[in-house]
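Bear in mind the structure is a predicted one, so any value in this text is a computation, not a measurement. Atoms within each ligand, like the ligands themselves, are counted from 1 in listed order.
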Amino acid sequence: MSVRDNIKRVEDCIAESCARADRDPSEITLVAVSKQKTVAEILQAIDAGLKHLGENRVEEGMAKIPQVRDRGCADVAWHMVGHVQSRKAKQVTQYFDVVQSVDSLRLAKRLSRFAGESASVCRALLEINISGEASKYGLAGYNWYRDNAVKDALWREAREIAALPNIEITGLMTMAPYGVEEKAVRRVFADLRALRDGLSLDIQASLPDLSMGMTDDYPIAIEEGATIIRVGRAIFGERI
Ligand SMILES: *Cc1c(COP(=O)(O)O)cnc(C)c1O
């Protein structure tokens, strides 16, 4: 299957999920996650009409993004979806358009500072660790609706980050646990959505973006309210 055929299949599947959830497919932004894939493969995805690409490592993005821009593909938005070490915050603001993986106040402060130095605003999402797995990054959000300590800490960090001058938080991102039953995946996505609803009311921020869903679970994420899905393997094939 070509990248173009794969994208067509993903788009059909997005439309079916939207129909089940009574949503409009135009509400969903498809981010093609191109980690470990070549510039040639990325160009195929752009040729097929995609406008949003994602990488999970800063260096890999720094190597590939300029090559893609040099081929005349300047109107593509690049999303950082992986953990960013604070010392790489400057490069991230220089190369990426959206940082989906803001997982600490420290990183947010540095993103805001470097964006400010180049007279820009960093568009970002807060990554939340809803599943509670130790292997996952993100602000702690496991059981937030029952555990007041978790909720208080989250609210406090979100408030401080939202008050920074040169970073704009447009929503939340999470990753579902791997290899669990559908019910548990759905629960994680529903929890993130409820968290977004509560948080946006309390800190009086509009948080329209819900980034959730990857190759194995994006139809469920769409049913649970995702506005951004991050799809790698279903578009580019398995990674080796
Ligand atoms: C790799 C990755 C994806 C895409 O995963 P697939 O299973 O290939 O669709 C999405 N989000 C993040 C944060 C990733 O690292």
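When the heavy atoms of Met214, Arg57, Met80, Lys35 are ranked by distance to atom 14 (C) of ligand 1, first place goes to Lys35. Between atom 13 (C) of ligand 1 and the options Asn56, Val81, Val33, the minimum heavy-atom separation is to Val81.
A salt bridge links Asp191 with Arg187: the distance from a Lys NZ or Arg NE/NH1/NH2 to an Asp or Glu carboxylate oxygen falls below 4.0 Å.
Looking at Ser86 and Arg106, their side chains do bring a donor and an acceptor atom within 3.5 Å of each other. Inspection of the Trp155 and Asp202 side chains reveals an N or O donor paired with an N or O acceptor under 3.5 Å. With no hydrogens or angles considered, a side-chain donor-acceptor pair links Ser211 and Gln100 at under 3.5 Å.
In the vicinity of Val231, heavy-atom distances shorter than 4.0 Å reach the ligand 1 atoms 9 (O). For ligand 1, the atoms lying closer than 4.0 Å to a non-hydrogen atom of Arg230 are 4 (C), 9 (O), 10 (C), 11 (N), 12 (C), 13 (C).
Residues Asp47 and Arg4 meet the side-chain proximity criterion, which asks for heavy atoms closer than 4.5 Å.
Counting only heavy atoms of the protein, atom 7 (O) of ligand 1 lies nearest to Arg233 NH2, 2.8 Å. At the top of the distance list for atom 9 (O) of ligand 1, counting protein heavy atoms only, stands Thr215 OG1, 2.5 Å.
The list of side-chain hydrogen bond (donor to acceptor under 3.5 Å, both in side chains) pairs with a residue in residues 156-181, not counting sequence neighbours, reads Thr170-Asp209.
Asp216 does not count as a contact of ligand 1, since none of its heavy atoms falls under 4.0 Å from the ligand. Remark: distances from the non-hydrogen atoms of Arg239 to ligand 1 include one below 4.0 Å.
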